[in-house]
Amino acid sequence: MVKAVIVGAGMGGMSAAIALKQLGVDVEVYEQVTENKPVGAAISVWSNGVKCLNHLGLEKETAELGGIVDSMSYVDGFTGDTMCRFSMQPLIDEVGQRPYPIARAELQLMLMNAYGYDDIHFGKKMVAVHDGADRATVEFADGTTDSADIVIGADGAKSLTREYVLGGPVQRRYAGYVNFNGLVEVDENIGPATEWTTYVGDSRRVSVMPVAGNRFYFFFDVPMPEGVPFERGTAREVLADEFADWAPGVQTLIGKLDPATTNRVEILDLDPFDTWVKGRVAVLGDAAHNTTPDIGQGGCSAMEDAVALQFAFRDHPDDPFAALAAYQSARTERAGDLVLRARKRCDVTHGKDPEKTAAWYEELRGEDGTNIIRGIVGNIVGGPLT
Ligand code: FAD
């Protein structure tokens, strides 16, 4: 039986662990943190990601955790006037699956439980990985090691495995904005309970979308230089200042959010690259494709990697090299395309060229949903489950 070591118990690593375990691969998962405590409040799992979770046997659980998004709207951030509002149904009909925004901690826990929470080795920080003739080996900070036929580095955006596979460190790129995010109780003064509402203006974005349990996942995008100091717990003051002249719905959100649990993330990405495998060692998820969150596809793409990895081992059960080669060739173009699509969207949304951003606001005022849905469908299709 093939043995796989997976480094990183994020949504990519856990999806891969479930996917390989389904094939009968002997899997060991190592995670540096000591408990399930993901950074970030929620993610929107688009239909392609949901299809991957369904494929992993999690259809019922995913639907229970997901918020119901029946419509989408864009709102003028200053006046509060609706620029456009449209149903999600055409999207659902076209791709055959409803998307689900899901609280991150709950998504993680669902995946961990599906794999076997107690089988995850927490508190194990990988400090080195190397290949050998018969096995690849990982070394941990506590001095222990493990070896396997393959090592999957699902160790996130600052991946050490990526450094090994590419032969050196890479420079990630600051995308020009900071994202504040968290969860609040649904309040229809901010937006309808089953709508993804986005306020736009001044190259900024304020958004709410429902997750299960009568909560909104919210985020604020604020263009600013990299490295501006921030003290955790001060999000309300910072946002009240940044959005002082914005519409009442935004003020309600700022008043309701919990500053203690509001996250602040500087957004970076990485130019796509095509080498995901070196010998018996491969990267997966953000380690392989680090994107801005502007089309909500980073995590979905990680789930697609997991399914593609499963298909590769299904087709080459006794040949890890052939399987990893098949995995790489199935994924690099698709994942790189999503990174570049997100970067393009990011630039328009956040005022890289203010004229283009102003033109986008004008487009939104005349939008009936057709163009936006076409764009989202373009992101969704093309993965291993199409
Ligand atoms: P991670 O989730 O980063 O997990 C990596 C894991 O590896 C971590 O648990 C870490 O502790 C562990 N690790 C790292 N190094 C080591 C080591 N040396 N030893 C052991 N363990 C290690 N995606 C979407 O699909 N939809 C969205 O709406 C969306 N919104 C986003 C919003 C924001 C603000 C951001 C920043 C991202 C968003 N994403 C979204 C992207 C998504 O969060 C990532 O693509 C996803 O988390 C990648 O999963 P991963 O498992 O590859 O990496």
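Counting starts at 1 for both ligands and their atoms, in listed order. Values below: every heavy atom of this structure, side chains too, minus hydrogens, waters and symmetry copies.
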key: Between H289 and D305, a side-chain donor and acceptor under 3.5 Å   = yes

request  = Please confirm whether the backbone N or O of T82 pairs with a side-chain atom of R85, one donor and one acceptor, at under 3.5 Å?
outcome  = no

request  = Give the residue and atom name of whichever protein heavy atom lies nearest to atom 18 (N) of ligand 1, and the separation in Å to one decimal.
outcome  = M126 O, 3.0 Å

task = Identify the protein heavy atom lying closest to atom 38 (C) of ligand 1, giving its residue, its atom name and the separation to 0.1 Å.
result = R104 NH2, 3.4 Å

Sub-4.0 Å heavy-atom contact, G49 with ligand 1 = no

ask   = Is it true that a side-chain atom of S87 and a backbone atom of Q89 form a donor plus acceptor pair closer than 3.5 Å?
value = yes

note = shortest atom 8 (C) of ligand 1-to-protein heavy-atom contact is with E31 OE1, 3.5 Å

query = Under 3.5 Å, is there a donor-acceptor pair linking the side chains of T332 and W276?
reply = no

Heavy-atom nearest neighbour of atom 4 (O) of ligand 1 within options G153, G10, G8 = G10

query = Which one holds for K158 and ligand 1: side chain close, backbone close, both close, or neither close, with close meaning a heavy atom under 4.0 Å?
reply = neither

message = Just to confirm my output: which protein heavy-atom neighbour is closest to atom 16 (C) of ligand 1, and how far is it?
response = Q32 OE1, 3.4 Å

ask   = Counting only heavy atoms, which portion of C300 has something under 4.0 Å from ligand 1: side chain, backbone, both, or neither?
value = both

inquiry  = To check your reading of the model: name the closest protein heavy atom to atom 30 (N) of ligand 1, its residue, and the distance in Å.
reply    = P293 CB, 3.8 Å

query = Counting N and O atoms only, with roles assigned by atom type, does the side chain of E266 sit under 3.5 Å from a partner on the main chain of G227, one being a donor and the other an acceptor?
reply = yes

request  = State plainly whether the residues R345 and D294 are in salt-bridge range, i.e. N to O under 4.0 Å.
outcome  = no

request  = For G12, counting its heavy atoms only, list the atoms of ligand 1 lying under 4.0 Å from any of them.
outcome  = 49 (O), 50 (P), 51 (O)

inquiry  = When you measure from the centre of the six-membered ring of F220, is the NZ or CZ of R204 closer than 6.0 Å and no more than 45° off the axis?
reply    = no

ask   = What protein heavy atom sits nearest atom 49 (O) of ligand 1, and how far off is it?
value = M11 CG, 3.6 Å

key: Sidechain-backbone polar pair: D149 side chain, K3 backbone, donor-acceptor under 3.5 Å   = yes

key: Atoms of ligand 1 close to Q297 [distance to a heavy atom under 4.0 angstrom, numbered from 1]   = 24 (C), 25 (O)

inquiry  = Give me the residue, atom name and distance of the protein heavy atom closest to atom 14 (C) of ligand 1.
reply    = D155 O, 3.2 Å

ask   = Where on N179 is there a heavy atom closer than 4.0 Å to ligand 1, on the side chain, on the backbone, on both, or on neither?
value = side chain

inquiry  = Check this for me: E64, atom CD, are more than 12 non-hydrogen atoms of other residues, nucleotides or ligands nearer than 6.0 Å?
reply    = yes

request  = Check the side chains of T144 and K124 for a donor-acceptor pair under 3.5 angstrom, ignoring hydrogens and angles.
outcome  = yes

query = Is ligand 1 under 4.0 Å from a heavy atom in the side chain of M14, in the backbone, in both, or in neither?
reply = neither

query = With a 4.0 Å heavy-atom cut-off (strictly under), which part of T291 contacts ligand 1: side chain, backbone, both or neither?
reply = neither

message = Using a 4.0 Å cutoff against the non-hydrogen atoms of G285, which atoms of ligand 1 qualify?
response = 52 (O)

message = Please tell me whether Y74 and W196 form a close aromatic pair, meaning their ring centres lie under 6.0 Å apart.
response = no

Heavy-atom nearest option to atom 5 (C) of ligand 1, drawn from A154, A287, G40 = A154

query = So between N48, I43, T161, whose heavy atom ends up nearest atom 40 (C) of ligand 1?
reply = I43

query = Charged N to carboxylate O below 4.0 Å: is that the case for R343 and D271?
reply = yes

request  = Can you pull out the closest protein heavy atom to atom 41 (C) of ligand 1? Residue, atom name and distance to 0.1 Å, please.
outcome  = G299 N, 3.8 Å

